Amino acid sequence: MSSVIRVQEDDFDVGAEIATLRKGNPAIGAVASFIGCVRDMNEGDSVGLMYLEHYPGMTERSLEKICAEAATRWNIFDTLVIHRVGELRPLDQIVFVAVSSAHRGDSFAACEFIMDYLKTQAPFWKREATPAGERWVEARASDEAAADRWKQTS
Amino acid sequence: MSSVIRVQEDDFDVGAEIATLRKGNPAIGAVASFIGCVRDMNEGDSVGLMYLEHYPGMTERSLEKICAEAATRWNIFDTLVIHRVGELRPLDQIVFVAVSSAHRGDSFAACEFIMDYLKTQAPFWKREATPAGERWVEARASDEAAADRWKQTS
Amino acid sequence: MTIQLVFLARLRERFGASRESLPYEADLRTVADILRVLRERGGNFAAELAPDRAFRVAVNQDVVALDHPVAAGDEVAIFPPVTGG
Amino acid sequence: MTIQLVFLARLRERFGASRESLPYEADLRTVADILRVLRERGGNFAAELAPDRAFRVAVNQDVVALDHPVAAGDEVAIFPPVTGG
C-alpha cells in the first residue's frame, strides 16, 4: 500500500500518472480515477480565471488522513492524489485521484470517498474572476451531503 | 452527448483517450474513468495468458444500450467504452470506461453503472491459461449482485 | 428459410461449430422450441442445454426469455453467462 | 510564548494578514477564547467571526471544535469552509 500526495502548480499527465500507480503490479485488476477540471461557468456566471489557495502542511496532512481512512475501509493497493494550486483557467485540470485494487468495487468506492472528503475537508479555496469581478467560491451544501453519505453508524 | 464504443485487439492510451473525450469542452467539470487489467492470479491459480472472445455486432449493440441508459439516468456529457479482444497477458489493459459531466456525482455513478452492466450483459468471454491447462472463466455471482444494485423499482 | 444459430465461447467449443443454419419449420415458434430440437440431438447439446445449466439466448442480438418468438431469418445465439470487463 | 495565528483565503484578505503572533496569556485556554479576543477588536474580525458565520478552526493543522484547548506554541488557523477539488 502506497499513498502519494502531491500539491503542485504544474499540470500533470494522467496517463503517465496511472502507469506509475500501476508500476508493474500484476495483482492490480482495477484502477478507478477521477479528474476535476475548471469549467467556464459557475453559478450562472462565466469564469475566465481561477486562483487556488491552500494551507501548506495541513493540505498534505488532511489528504494523507483521507487516503489512510480509505485504505482501512476498502481492499485497495495504492492511492494517488494530485491537486493543483495557483492560477488556473477553464479546461485546466485541477485535481486527480486514482486508486488501484484487485476488484473494481473497492477502487470505485475509495476513489469517490477520497474526492468527497477532499471537497469538504482538504484546505483549498477557489477565487474566480467573472465579468462582475473576483469572488471567493462559496462552499456547496451538496458537497457536505456527499461526504455525509460515507459516515459510519457503528 | 456522444457515446463512443470501440472493440479492438490493440492496446489504448488512457491519457490520449481522456483528452479526446474532453475535446475542449469547458462545460466539463468532472471525468470519472475505470481501467480493468489482467491479473496474474484468478481463483487462486496463476494466469499466464488470457483470450477474450466476443459476439461481434451484439457486443457494440449492448454497450450502446448500456451507455444510452446511463445518459437517461444521469446528467452526463460523453461516454467512452473501449474493450479489447484476442490474446492478452497479465498487466495488459482489458477495458476502459470514461464518462464526463459537469459535476462529479453523475460521472462517478454512470461510470460504475456502465462497468457493472458491461460485466453482466456485454457478450465477452474470457479463457485463461493456468498451469493446470486452459479454462473458461466462470461468471461471478458478485457481478450479478453489483448490476442488480442499479435496478429501478419504479 | 432458415434460422441462423450462433454458438459462442465454451458452447462453440462443445458443439464444435460457431454457426449453423437450422431449417425453419412451422413448429419452431419460440426459443424453447429451438432448444428442444437441439437437445434432441443428445450428446453435448443435451448436456450443455439441460434446463439446469446456465446459458443465455439472444434473438437478433438481444437477450430474450425462452418464450420469445422466432421466425425464419432470425439470428439465434446461445452462449454462457458473460465474463468480460 | 505566543500562539501563531494563520488566516486563509477570504479571511486572510478581510483581516489584512496571513499570519500573526498572538501573545499567550493564561486566559487563552480554548479556541473559543482566541475567537473572543479577536472579536473584541471589532471591525472585520467581529463581523467575520460572528457566531452565525461559517468558518473553521484548525489547531496544529487538525480541524477542531470551539472547546479544543490551545497552548503556547500552537498554530491556530482560521479559514472559510473549503472549496477545492
Side-chain angles (χ1 to χ4, degrees), chain A residues 12-19 21-42 46-48 50 77 89-105 107-116 118-119 140 142-143 145-146 149, chain B residues 12-19 21-42 46-48 50 77 89-105 107-116 118-119 140 142-143 145-146 149:
Chain A
F12 48 85
D13 176 334
V14 165
E17 297 296 345
I18 290 175
L21 182 81
R22 293 184 55 200
K23 58 174 183 308
N25 178 356
I28 293 173
V31 178
S33 68
F34 178 82
I35 306 165
C37 319
V38 182
R39 294 186 301 140
D40 64 352
M41 293 286 288
N42 191 29
S46 74
V47 173
M50 171 173 282
F77 291 118
R89 288 162 197 284
L91 289 173
D92 281 351
Q93 303 183 115
I94 306 173
V95 62
F96 182 60
V97 176
V99 180
S100 62
S101 61
H103 302 290
R104 75 186 180 287
S107 51
F108 267 121
C111 186
E112 192 166 13
F113 169 88
I114 290 169
M115 270 308 302
D116 285 347
L118 181 157
K119 278 270 184 183
R140 295 161 60 98
S142 61
D143 286 329
R149 289 183 304 157
Chain B
F12 48 86
D13 176 334
V14 165
E17 298 296 344
I18 290 175
L21 182 82
R22 294 184 56 200
K23 59 174 182 306
N25 178 357
I28 293 172
V31 178
S33 68
F34 178 83
I35 306 165
C37 319
V38 182
R39 295 185 300 141
D40 64 352
M41 293 285 290
N42 190 30
S46 74
V47 173
M50 171 172 285
F77 291 119
R89 287 162 198 285
L91 290 172
D92 281 350
Q93 304 183 113
I94 306 173
V95 62
F96 182 60
V97 175
V99 180
S100 63
S101 61
H103 302 290
R104 74 187 181 286
S107 51
F108 267 121
C111 186
E112 192 166 13
F113 169 89
I114 290 169
M115 271 308 301
D116 284 348
L118 181 158
K119 277 271 186 184
R140 296 161 59 99
S142 61
D143 285 328
R149 289 183 303 157

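So that the names make sense, note that chain A is the first sequence line, chain B the second, and so on, each numbered from 1. Worth knowing before you read on, the calculation uses all heavy atoms, side chains too, and leaves out hydrogens, waters and symmetry mates. For clarity, every value in this text was computed on a predicted model and none was experimentally measured.
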Fill in: Flag side-chain contact, heavy atom, 4.5 Å: A:Met50 against A:Arg39
no
Worksheet item: Which bit of B:Arg140 is near chain A, if near means a heavy-atom gap under 4.5 Å: side chain, backbone, both or neither?
Response: side chain
Worksheet entry | Largest heavy-atom contact set with chain B, pairs under 4.5 Å, which of A:Gly36, A:Gly15, A:Ala30, A:Pro90 | A:Ala30
Fill in: Validation row, ring centre B:Phe108 to ring centre A:Phe108 under 6.0 Å
no
Worksheet entry | A:Ile18, part contacting chain B, at a heavy-atom distance under 4.5 Å | side chain
Practice prompt. For each of B:Asn25, B:Asp13, B:Val14, B:Asp116, tally heavy-atom pairs with chain A at distances under 4.5 Å, and name the one with the top tally.
Written response: B:Asp116
Worksheet item: Which one, B:Ser142, B:Gly24, B:Ser100, leads in non-hydrogen pairs under 4.5 Å with chain A?
Response: B:Gly24
Discussion item. For the interface with chain B, which of A:Ala16, A:Cys37, A:Ala27 has the highest count of heavy-atom pairs at distances below 4.5 Å?
Written reply: A:Cys37
Discussion item. Please report the interatomic distance CG(A:Leu91) to CD1(B:Ile28), rounded to the nearest 0.5 Å.
Written reply: 8.5 Å
Discussion item. I'd like to know if the side chain of A:Arg22 and the backbone of A:Ala19 have a donor-acceptor N/O pair within less than 3.5 Å.
Written reply: no
Worksheet item: Looking at A:Cys111, A:Ala98, A:Ala146, which makes the most heavy-atom pairs under 4.5 Å with chain B?
Response: A:Cys111
Worksheet item: Would A:Ile35 and A:Val95 count as a side chain to side chain contact (heavy atoms under 4.5 Å, CB included) if you check the C-alpha gap in whole Å, the side-chain angles of each, and the deciding distance to 0.1 Å?
Response: CA-CA 6 Å; A:Ile35 306 165; A:Val95 62; over 6 Å; no
Worksheet item: Is it true that a side-chain atom of A:Asp92 and a backbone atom of A:Arg89 form a donor plus acceptor pair closer than 3.5 Å?
Response: yes
Worksheet item: Checking heavy atoms, do the side chain of B:Asn42, its backbone, both or neither come under 4.5 Å from chain A?
Response: neither
Practice prompt. May I ask you to test the A:Ile114-A:Val99 pair for a side-chain heavy-atom distance under 4.5 Å?
Written response: yes
Fill in: A:Phe12: partners by ring pair (Phe, Tyr, Trp, His ring centres under 6.0 Å), with sequence neighbours left out
A:Phe96
Response to the item:
So, the part of B:Ala102 with a heavy atom under 4.5 Å from chain A: the answer is both
Worksheet entry | Engaged part of B:Val97 at the chain A interface, taking heavy atoms whose separation is under 4.5 Å | neither
Fill in: Top contributor to chain A contacts, counting heavy-atom pairs under 4.5 Å, from B:Gln93, B:Arg104, B:Met41, B:Met115
B:Arg104
Worksheet item: Given side chains that start at C-beta, do those of B:Val38 and B:Ile94 come closer than 4.5 Å, heavy atoms only?
Response: yes
Practice prompt. Could you look at B:Ser107 and say if it's the side chain, the backbone, both or neither that has a heavy atom under 4.5 Å from chain A?
Written response: side chain
Discussion item. Taking side chain as everything from C-beta outward and backbone as N, CA, C, O, which of these in B:Ala32 sits under 4.5 Å from a heavy atom of chain A? Side chain, backbone, both or neither.
Written reply: both
